[in-house]
Amino acid sequence: MNNMDYLKELNPQQKKAVEHTEGPLLILAGAGSGKTKVLTCRIAFLIDEIGVPPWQILAITFTNKAAGEMRERVDRAVGPRAGQVWVATFHATCCRILRQHIDRLGYDRSFTIYDTDDSRQVIKEIIRQLGLDPKVYKERGILARISSAKNHMTDPEQMEKEAFRWEEKKTAEVYALYQKKLKQNNALDFDDLLLKTVELFRQDAEVLSSYQERFRYIMIDEYQDTNSVQFAFVQLLASRYRNLCVVGDDDQSIYKFRGANIENILSFEKEYPGCAVIRLEQNYRSSKKILQAANEVIAHNTGRKSKTLWTENEEGVPVRFRQFATGADEAEFVIGEIGELSRTQGKSFRDFAVLYRTNAQSRLFEEKCVSADIPYQIVGGVNFYSRKEIKDMLAYLKTIDNGADDLAVTRILNVPKRGIGQTTVTRIVQYAAENGIGVYDALQKAGEIPGLGRSLSKIQGFTNLISRLRAAAQEYLGVQQLLEMVLKDTGYQDELEAEDTEESRARLENIGELISKASAYEDTAEEASLSDFLQQVSLVADIDSVEENAERVLLMTLHAAKGLEFDTVYMTGMEENTFPGYMSLGTGSEEEIEEERRLCYVGMTRAKKCLTLTAAQMRMVRGETRFFNASRFVSEVPRNMLDSGRDTTDTRRFLAGGREEWNSRAAGHEPGRIGGRGTAASQTLKKKNPLFAMREFTVSKADHLEYGVGDRVRHVKFGSGVVTEIKNGTRDYEVTVAFDKAGVKRMFASFAKLKKE
């Protein structure tokens with residue numbers, strides 16, 4: 001390929017980033033600034049102009065969708081040699097490395113990857129095994145704490161040492177047993193894929209050295225979303241040649257709850273002294289007015305690297321703000337307008353996205369879509385691979401591929417029903433534990449287990465079935481044929497056909513889709529194998545299931561919208577205590593608010609041509625109707641940049657700060673809460689249609705605090721906890737508390753109003 005073919009379309013900063021090939025490089029890429037094009041062209045430049053062998057290049061992204069897009073672009077830019085460039089997600093990259101070398105850590109290379117549901121089942125069993133109260137020790141919460149510990153590279157022993165309370169010590173004990181069971185099952189969870197690769201690199205200098213030599217040029221996309229384990233992985237891999245290029249935008253760091261550490265990008269220049277920094281500030285996505293409004297909002301954050309996005313795109317229409325009496329009115333407006341634009345202007349449904357802060361907000365929009373006969377898809381609903389029938393089929397494949405996976409074996413032992421009861425299963429599991437063997441090994445020795453009675457023949461029938469399927473897989477069957485054989489020979493298909501209900505037919509259709517997936521996999525895989533297929537389906541994210549160009553409106557959370565773009569975006573629920581959420585406001589921590597503001601910025605910059613912000617003045621919350629102020633993020637958009645509809649006398653009074661008085665007059669109730677749905681207040685609010693209030697927050701720093709580090713304190717929302725750190729800031733004391741149930745929170749003392757116990 002000629003140099004000019006891909007360099008001539010780049011702007012000066014993009015071209016500079018492409019041509020800077022040696023040494024550490026930080027590319028600060030604003031939203032819609034063409035970072036994927038830069039990474040693709042940089043790979044082509046390394047190969048065509050610098051002469052780097054393609055197998056020495058590693059490009060890591062965060063989603064399969066992004067990896068697929070980059071893979072296609074690299075193929076077009078580089079040609080046949082592109083297949084030798086590693087383009088993959090962090091998890092897929094680490095999984096590929098572990099498939100080759102995990103035996104050095106005492107695992108078999110045919111390890112299983114556990115999804116969240118699998119992990120919860122293991123945790124649930126451990127809670128039962130330890131005799132813990134499941135109402136206090138909930139598997140979802142414990143798994144979240146274990147995941148957080150892994151993301152911070154904290155092992156069970158360290159967690160136990162750092163535990164303050166009895167519950168924390170028990171959580172550490174669960175963590176230790178969880179890891180032990182994973183090892184026994186020859187299984188890894190998603191966090192382990194990263195953690196075990198770092199462990200492998202640190203323990204085995206030979207393996208690390210081989211990959212350092214292999215990948216002399218490393219590129220990391222979305223670097224602002226990396227956590228501590230990913231940081232360690234990249235640092236180890238790049239330490240020899242230091243040809244590390246990271247691309248990201250600190251203004252789009254929105255995954256702190258998953259362990260992402262924004263300091264990784266903010267401190268990159270300290271970690272790699274003398275590194276080059278290139279800013280990509282030209283936006284190719286949004287109109288000028290949308291971009292200006294987004295810039296104004298994000299400028300309120302202080303913990304960020306300075307940058308100002310600009311565009312040569314058209315001016316476009318102003319950002320709109322519409323506030324409604326109720327959440328139902330808001331949904332009716334949004335979905336009604338989408339339907340109207342589709343009918344009168346020929347707009348495609350795929351050009352619209354409805355964004356919200358939490359999944360719970362989707363219900364009203366879904367109901368309105370159904371009643372208006374508008375096709376839609378909820379992103380982040382039940383993942384295809386989480387459906388029962390799909391997990392059953394995959395459990396059979398996992399058992400065939402890895403007999404050590406106790407979770408998969410016990411899932412299908414009596415699925416479909418073959419007369420093996422829970423008492424029998426318990427005896428088998430107990431026998432396996434007492435003899436230090438896997439459940440499948442115990443099944444093969446079922447004749448030695450007392451008390452099985454008539455179940456023995458059923459068990460032998462099951463193991464004979466698995467042996468036959470395993471032999472077929474090893475000798476001649478591909479994944480597609482194996483799935484078809486599993487479906488037929490297990491009796492699963494017969495059972496669903498005999499049920500003959502709409503649900504059973506839908507389940508068969510879903511299994512048919514899995515078979516189609518297997519067929520497509522075998523058509524494209526370089527070396528198709530059962531292990532590799534299971535690895536692929538284990539690493540699929542919700543957003544990866546979104547069909548390109550499908551004619552439907554997307555409903556999704558703001559987090560799920562990251563990396564996407566739409567002609568028209570509706571950002572809904574723009575109220576205080578909804579967005580930003582009450583949990584963030586309750587901490588009083590500016591750090592939490594800044595993360596919420598970054599999320600708002602991400603949402604705004606998804607829009608190309610039209611952006612509408614909507615809010616409700618009252619919503620039903622846990623059966624009560626409550627009033628809400630409009631979000632501070634709305635008020636951070638300058639008035640002259642915002643189309644707020646009619647400017648009535650009530651609106652002017654509202655904007656001047658008389659909201660609470662106005663609410664009280666209009667509703668006939670005290671501000672904050674009113675009675676049920678459909679009251680006179682609702683009708684009055686519909687007529688008035690006020691807009692938003694400028695919300696002022698002041699901090700009054702106390703002379704001293706009545707508590708210190710190590711003291712137990714109580715918070716009105718988070719309950720009791722232990723003070724672990726106090727910082728004496730200029731504006732206020734910043735207090736860190738490890739709460740008994742709510743976890744670790746950082747708060748300003750004047751907001752937190754902590755009481756010493």
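Keep in mind it's a predicted model, so treat the numbers as computed, not measured. Scope of the values below: all heavy atoms of this structure, side chains included, with no hydrogens, waters or symmetry mates.
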Thr302 versus Glu594, closest heavy-atom pair with distance:
N-OE2, 2.8 Å
Candidates Arg304, Arg598, Arg597 - the one meeting salt bridge (charged side-chain N to carboxylate O under 4.0 Å, His left out) with Asp251:
Arg304
Checking side-chain polar atoms at under 3.5 Å, does Ser209 have a donor or acceptor matched by the opposite partner on Arg240?
yes
Side chains of Gln224 and Glu222: do they bring a donor and an acceptor to under 3.5 Å?
yes
Would you say the side chains of Ser110 and Asp401 form a donor-acceptor pair under 3.5 Å?
no
In Å and rounded to the nearest 0.5 Å, what is the CD1 to CD distance from Ile102 to Glu199?
9.0 Å
Point-to-point distance, once rounded to the nearest 0.5 Å, from CH2 of Trp55 to CZ of Arg216
11.0 Å
If every non-hydrogen atom of Ala473 is compared with every non-hydrogen atom of Ile400, which pair is closest and at what distance?
CB-CG2, 4.1 Å
With rounding to the nearest 0.5 angstrom, report the CD1 to CD1 distance, Ile142 to Ile123.
6.5 Å
Taking Ser529's backbone N and O only, do any of them form a donor-acceptor pair with Asp532's side chain (distance below 3.5 Å, no angle check)?
no
Less than 4.5 Å apart, side chain to side chain, heavy atoms only: is that true for Arg411 and Tyr396?
no
What's the verdict on side-chain contact (heavy atoms from CB on, under 4.5 Å) for Ile466 and Leu443, showing C-alpha distance, side-chain angles and the deciding distance?
CA-CA 11 Å; Ile466 296 300; Leu443 291 172; over 6 Å; no
Check: Val122 and Tyr178 side chains under 4.5 Å, non-hydrogen atoms:
yes
Do Glu160 and Tyr175 have a side chain donor and acceptor closer than 3.5 Å?
no
Nearest 0.5 Å, please: how far is CD in Glu125 from CZ in Arg128?
4.0 Å
With a 4.5 Å cut-off on side-chain heavy atoms, are Val723 and Leu705 touching?
no
Would Glu734 and Lys727 count as a salt bridge (Lys or Arg N to Asp or Glu O under 4.0 Å) if you check the C-alpha gap in whole Å, the side-chain angles of each, and the deciding distance to 0.1 Å?
CA-CA 5 Å; Glu734 187 173 323; Lys727 291 182 180 178; 5.2 Å; no
Are Lys398 and Asp405 within salt-bridge range, i.e. N to O under 4.0 Å?
no
Taking the basic N atoms (NZ, or NE/NH1/NH2) and the acidic carboxylate oxygens, is any pair closer than 4.0 Å for Asp441 and Lys445?
no
All pairs passing ring-ring contact (aromatic ring centres under 6.0 Å, His included) where residues 244-269 contributes a residue, at least two apart:
Tyr223-Phe268, Tyr255-His559, Phe257-His559, Phe268-Tyr272
Who pairs with Asn264 by side-chain hydrogen bond (donor to acceptor under 3.5 Å, both in side chains), at least two apart in sequence or on another chain?
Thr226
Test item: side-chain donor near acceptor, Glu263 and Ser267, under 3.5 Å:
yes
Applying side-chain contact (heavy atoms from CB on, under 4.5 Å) to Ser147 and Phe190, what does each step give before you reach the verdict?
CA-CA 9 Å; Ser147 179; Phe190 288 137; over 6 Å; no
Is there a side-chain contact between Ile113 and Cys95 (heavy atoms, below 4.5 Å)?
yes
I'd like to know if Glu269 and Lys305 make a salt bridge, using a cut-off of under 4.0 Å between side-chain N and carboxylate O.
yes
Which pair of non-hydrogen atoms, one from Val602 and one from Leu558, has the smallest distance, and what is that distance?
CG1-O, 4.4 Å
Note, Asn227 side chain near Asn261 side chain (heavy atom, < 4.5 Å)
no
Please identify which of these residues, Phe111, Phe201, Tyr211, Tyr107, meets the ring-ring contact (aromatic ring centres under 6.0 Å, His included) condition with His101.
Tyr211
Could you give me the CA-CA distance, side-chain angles and deciding distance for Leu534 and Thr112, then say whether side-chain contact (heavy atoms from CB on, under 4.5 Å) is met?
CA-CA 8 Å; Leu534 289 170; Thr112 296; over 6 Å; no
Report yes if the side chains of Asn414 and Val425 come closer than 4.5 Å at any heavy-atom pair, otherwise no.
no
N-O pairing of Lys755 and Glu706 below 4.0 Å
no
Are the side chain of Glu168 and the backbone of Phe164 linked by a donor-acceptor contact shorter than 3.5 Å?
yes
Go through it in stages, so that I can follow the logic: the residues are Gln230 and Ile220, the test is side-chain contact (heavy atoms from CB on, under 4.5 Å), and I'd like the CA-CA distance, side-chain angles, deciding distance and then a yes or no.
CA-CA 10 Å; Gln230 290 158 341; Ile220 310 294; over 6 Å; no
Test: Arg258 and Asp225 ion pair at under 4.0 Å
no
Lys/Arg N to Asp/Glu carboxylate O, Lys170 vs Glu167, below 4.0 Å
no
Are the side chains of Asp191 and Val229 in contact, using a 4.5 Å heavy-atom criterion?
no
When you look at Glu596 and Arg357, which way does the salt bridge (Lys or Arg N to Asp or Glu O under 4.0 Å) test go after all the steps?
CA-CA 10 Å; Glu596 292 281 287; Arg357 180 63 181 85; 2.7 Å; yes
Testing the basics here: between Asn151 and Gly259, what is the closest heavy-atom pair and its distance to 0.1 Å?
ND2-CA, 4.2 Å
What is the minimum heavy-atom distance between Val87 and Ala67, and which atoms define it?
CG1-O, 3.7 Å
Once rounded to the nearest 0.5 Å, what's the spacing between atom CG of Leu26 and atom CG of Leu266?
9.5 Å
Which value, rounded to the nearest 0.5 Å, describes the distance between Tyr217 atom OH and Asn243 atom CG?
5.0 Å
Side-chain ion pair, Glu592 and Lys256, N-O less than 4.0 Å
yes
For residues Phe90 and Leu193, determine if any side-chain heavy atom of one lies less than 4.5 Å from a side-chain heavy atom of the other.
no
